[in-house]
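Here the structure comes first, spelled out in structure tokens, and everything after it is commentary.
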Amino acid sequence: MTSGAATKRTHSRYLPDLDTTRPRLTTAETRIPINIPQRRPNDPLHKTVIQDAFEWWAGAGSAANVAMQLGWPEVAYGVMESKVESGSLMKHPWKRLRTTEQYLAVALLGTDEERIAFREAVNSAHRHVRSTESSPVKYNAFNRELQLWVAACLYVGFEDTNMLLHGPMDDEQAEQFYQGARPLATTLQVPAEMWPATRKDFDHYWNIACDRISYDETQKQFITELIDLRMITPVLGISLRGLLRFLTIGSLPPLFRERLDLPWRPIDQRRFDNLFLFVGFVNRFLPAPLRVGPFWLMMGDLRRRIRKGKPLI
């Protein structure tokens, strides 16, 4: 981990000191393999700015990203025990999808004023997300370390999907992509200095943070219901279940699949790679409004809500 530019942390409740701890896990264990041809330098079709990663295929790994976030038990039980019914993933899945996508959009595409407005809306919900005496683990939705972990998972999702569509990035491209990601954390309660300063620092943080991954049977059941779309109408859920399950398991790093007891064979990996080779090829020829339009529609809806004083979440 680089000195000086490293993540600053005066006290950590969940992780060891990042400056002195060497990760036990490797990136091969904590990130998905990208078996796509390397992108070419300066190719205008292969964007390396995170704001250009807002393509509708970015949603392919959404369920996997939630499963990754829930790998920290404090985050998992904060979600599963939340008393904020209006934002419940299982009771109001479409609303939760909208607010999550709008959070990503405002964090990376919005103005400072829009981010502040959305942060205040999130804060109003997070005030009610605290553990009780009966909770298996202690948690508080305002804890900055928990929020940093969630933001880190969101970043990994953006980067993985971008590379699946456009190919791996070299070090310079990866650093450029990463440098736009800090608002994923700071739009919550995470101070800027907590976000790892460089892409190399992020790898160091991520591999140490992944060592905390743990799923009990309650978490596994919740994630299984999420993957199987148990929270939406059966007519739609059953028709999409097989594809979503395949995309979700393929979008999970080996460590997460192993700890969730999700099978993944070499032939599954080859099919996953071939799917994204095809999708990435077709994606190059799609007009920008079709590729990124849904996210701009989300931003338009958010701005309308702010303008009219309507609830944001």
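Counting begins at 1 with the first residue of the sequence. Heavy-atom basis, side chains included; hydrogens, waters and symmetry copies ignored. Model, not experiment: these values are computed from the prediction.
Ring to ring, Phe202 and Trp195 are close: their centroids are under 6.0 angstrom apart. Taking the six-membered ring where the residue is Trp, the centroids of Phe54 and Trp296 are separated by 6.0 Å or more. Aromatic pair Tyr178/Tyr155: ring centres closer than 6.0 Å. Between Trp264 and Phe246, the distance from one ring center to the other falls under 6.0 angstrom.
Remark: side-chain polar atoms of Arg212 are not paired, donor with acceptor, to backbone N or O of Leu15 under 3.5 angstrom. Checked by atom type and distance alone, the side chain of Arg257 pairs as donor or acceptor with a backbone atom of Leu252 at under 3.5 Å. Put simply, the side chain of His204 gets close to the backbone of Thr21: a donor and an acceptor are under 3.5 Å apart. Without hydrogens or angle criteria, Tyr77 side chain to Ser82 main chain gives no donor-acceptor distance under 3.5 Å. Listed for the Gln179 side chain is a donor-acceptor partner under 3.5 Å among the backbone atoms of Ala197. Under the 3.5 Å distance criterion, the side-chain polar atoms of Ser124 are matched with a main-chain donor or acceptor of Ala121. Side-chain atoms of Glu120 never come within 3.5 Å of backbone atoms of Ala117 as a donor-acceptor pair (strictly under, hydrogens ignored). For Gln219 (side chain) and Leu70 (main-chain N/O), a donor-acceptor pair under 3.5 Å exists by modelled atom type.
Looking only at side-chain heavy atoms (C-beta outward), Leu146 and Trp72 come within less than 4.5 Å of each other. Between Ile34 and Phe276, the closest side-chain pair of non-hydrogen atoms is not below 4.5 Å. Annotation: side chain of Phe256 is not in contact with side chain of Ser251 (no heavy-atom distance under 4.5 Å). Side-chain contact between Pro16 and Asp211 is absent, with no heavy atoms from C-beta onward closer than 4.5 Å. Counting only heavy atoms from C-beta outward, the side chains of Met163 and Ile36 never approach each other to under 4.5 Å. Taking the side chain as every heavy atom from C-beta outward, Thr48 and Glu172 never approach each other to under 4.5 Å. Arg271 is listed as a side-chain neighbour of Arg265, based on a closest heavy-atom distance under 4.5 Å. For the pair Leu312/Leu302, a side-chain contact is recorded, criterion being any heavy-atom separation below 4.5 Å from C-beta on.
The pair Glu74-Arg13 fails the salt-bridge criterion, with no side-chain N (NZ, NE, NH1 or NH2) lying under 4.0 Å from an Asp/Glu carboxylate O. Asp112 and Arg115 are joined by a salt bridge, as a carboxylate oxygen and a charged side-chain nitrogen come within less than 4.0 angstrom of each other. Between Glu159 and Arg31 a salt bridge is recorded (basic side-chain N to carboxylate O distance below 4.0 Å). With respect to Asp216 and Lys220, no salt bridge is recorded, no charged nitrogen being found less than 4.0 Å from a carboxylate O. A salt bridge does not link Lys200 to Asp203: none of the charged nitrogens lies less than 4.0 Å from a carboxylate oxygen.
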Yes or no on side-chain contact (heavy atoms from CB on, under 4.5 Å) for Arg24 and Asn207, after CA distance, side-chain angles and deciding distance? CA-CA 7 Å; Arg24 294 191 312 112; Asn207 287 337; over 6 Å; no

Let me see the working for Glu145 and Met194 under side-chain contact (heavy atoms from CB on, under 4.5 Å), right down to the final yes or no. CA-CA 9 Å; Glu145 280 195 278; Met194 277 187 72; 4.3 Å; yes

Between Arg127 and Phe142, does a side-chain contact (heavy atoms from CB on, under 4.5 Å) hold up when you go through it step by step? CA-CA 7 Å; Arg127 289 188 183 96; Phe142 279 101; 3.6 Å; yes

List the steps and the verdict of salt bridge (Lys or Arg N to Asp or Glu O under 4.0 Å) for Arg270 and Asp273. CA-CA 5 Å; Arg270 289 195 295 273; Asp273 296 338; over 6 Å; no

Residue pair Ile116, Arg119: steps toward the side-chain contact (heavy atoms from CB on, under 4.5 Å) verdict: CA-CA 5 Å; Ile116 290 171; Arg119 181 190 298 125; 3.9 Å; yes

Throw together a table of side-chain donor-acceptor distances under 3.5 angstrom for residues 185-192, partners on residues two or more places apart or in other chains.
from, atom 1, to, atom 2, distance (Å)
Thr186, OG1, Arg182, O, 3.4
Thr187, OG1, Pro183, O, 2.6
Gln189, NE2, Asn123, OD1, 2.7

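Tracing side-chain contacts under 4.5 Å through hydrophobic residues (I, L, V, M, F, W, Y), one reaches Leu286 starting from Leu165; they form part of the same cluster. Leu243 and Ile223 fall within a single hydrophobic cluster, where Ile, Leu, Val, Met, Phe, Trp and Tyr are joined by side-chain heavy atoms under 4.5 Å apart, directly or via other members. Hydrophobic clustering of Ile, Leu, Val, Met, Phe, Trp and Tyr side chains at less than 4.5 Å, counting indirect connections, unites Tyr14 with Tyr215. Cluster membership for Val279 and Leu277, using ILVMFWY side-chain heavy atoms within less than 4.5 angstrom, is shared. In the hydrophobic cluster analysis, where Ile, Leu, Val, Met, Phe, Trp and Tyr join through side-chain heavy atoms closer than 4.5 angstrom, Val106 is grouped apart from Met298.
Closest approach of Ile306 and Glu114 over heavy atoms only: CD1-CG, 4.1 Å. Taking all atoms of both residues into account, the shortest heavy-atom contact from Pro263 to Asp261 is CD-O, 3.7 Å. Nearest heavy-atom pair, Val137 versus Pro73, reported as atom, atom and distance to 0.1 Å: CG2-O, 3.7 Å. Of all heavy-atom pairs spanning Val75 and Trp149, the tightest one is CG2-CD1, 4.1 Å. Closest non-hydrogen pair, Phe285 versus Phe281, comes out as CD1-O, 3.2 Å. Of all heavy-atom pairs spanning Lys138 and Thr132, the tightest one is NZ-O, 3.2 Å.
Judged purely by distance below 3.5 Å, without hydrogens or angles, the side chains of Tyr139 and Glu81 pair a donor atom with an acceptor atom. Defined by atom type and a distance below 3.5 Å, a donor-acceptor pair is missing between the side-chain atoms of Gln38 and His166. Using modelled atom types and a 3.5 Å distance limit, the side chains of Gln69 and Asn65 yield a donor-acceptor pair. One side chain, Glu225 or Gln221, offers a donor N or O that lies under 3.5 Å from an acceptor on the other.
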